[in-house]
J.: 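Encoded as structure tokens, here's the structure I'll be asking about.
Computation of the quantities below employed the complete heavy-atom set of this structure, encompassing side-chain atoms and omitting hydrogens, waters and symmetry-equivalent molecules. Please read all numbers here as calculations on a predicted model, not as lab measurements. Atoms within each ligand, like the ligands themselves, are counted from 1 in listed order.
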Amino acid sequence: MPFVPTGLEGLLVFEPRVFEDARGYFFEAYNQSVFNQAGVHDRFIQDNQSYSTYGVIRGLHYQLQPHAQCKLVRVLEGTILDVAVDMRKNAATYGTVFTIELSTANKKQLLIPHGFAHGFSVLSQAATVLYKCDALYNKESEGGVIYNDPDLAIDWKIPEKDVIISDKDLLLPSFKNAINNF
Ligand SMILES: Cc1cn([C@H]2C[C@H](O)[C@@H](COP(=O)(O)OP(=O)(O)O[C@H]3O[C@H](C)C(=O)[C@H](O)[C@H]3O)O2)c(=O)[nH]c1=O
């Protein structure tokens with residue numbers, strides 16, 4: 001079974017079947033039939049890709065309803081600590097932080113359903129991250145939580161002196177003050 005539960009509803013780790021031979025390797029990064037058979041029916045309509053150097057933290061971001069995005073995150077180059085925070089107020093796991101290393105080496109992917117804030121830190125010298133989305137970008141519906149929120153206390157595995165973050169992300173609200181319609 002290529003999907004590994006995380007204990008948070010809808011948040012799944014996808015571990016593709018990798019075919020290795022003397023040339024290198026091959027794997028299906030995404031196959032709709034495989035996902036559908038696992039009960040995952042999200043229809044991805046936008047692919048995003050970002051490149052970041054060591055110490056960069058992007059996030060925590062989400063889009064509010066009705067523009068919420070399910071994301072399927074993978075790493076093309078490098079290693080990241082991927083972070084998903086459950087923003088679903090009625091969920092028993094509301095406020096729970098899930099972290100996982102995604103890398104070129106482990107080829108793991110993270111499926112993040114609607115209602116989660118998403119971010120990542122770059123642990124390698126650089127990282128190229130690709131993620132599929134089931135809803136289009138909608139700037140007006142963007143929400144977020146500041147990376148160093150004291151209640152979430154996320155360990156991004158980057159010394160504070162090395163953190164590189166956008167001015168926009170430094171202005172994000174705390175978890176308890178974040179705009180949230182999930
Ligand atoms: C997200 C997005 C951005 N943009 C434009 C807007 C800005 O001019 C520029 C950089 O955007 P931003 O600084 O929001 O990029 P990230 O900080 O990597 O944002 C992402 O970070 C975390 C990890 C996420 O999961 C979200 O998908 C996304 O918010 O790309 C677009 O044109 N389309 C898009 O879908």
J.: I'd like to check the side-chain contact (heavy atoms from CB on, under 4.5 Å) partners of L12; sequence neighbours left out, ordered by chain and number.
T.: F3, V40, L111

J.: For the backbone of D151 and the side chain of D149, can you confirm whether one donor and one acceptor N or O come within less than 3.5 Å of each other?
T.: yes

J.: Could you list who else is in I112's hydrophobic cluster, with ILVMFWY side chains joined at under 4.5 Å, directly or through other members?
T.: V4, L8, L11, V13, V56, V73, V75, I80, F98, I100, L102, L110, F116, F120, V122, V129, Y131, I164

J.: Who are the residue neighbours of ligand 1 when the rule is a heavy atom under 4.0 Å from any of its atoms?
T.: Q46, N48, R58, H61, K71, H118, F120, Y131, Y137, E142, K168

J.: Using the test side-chain contact (heavy atoms from CB on, under 4.5 Å), find all partners of P150 that sit at least two apart in sequence or belong to another chain.
T.: none

J.: Using a strict 4.0 Å threshold on nitrogen-to-oxygen distance, state whether D47 and K132 make a salt bridge.
T.: yes

J.: When you measure from the side chain of D21 to the backbone N and O of G24, does any donor-acceptor pair fall under 3.5 Å?
T.: yes

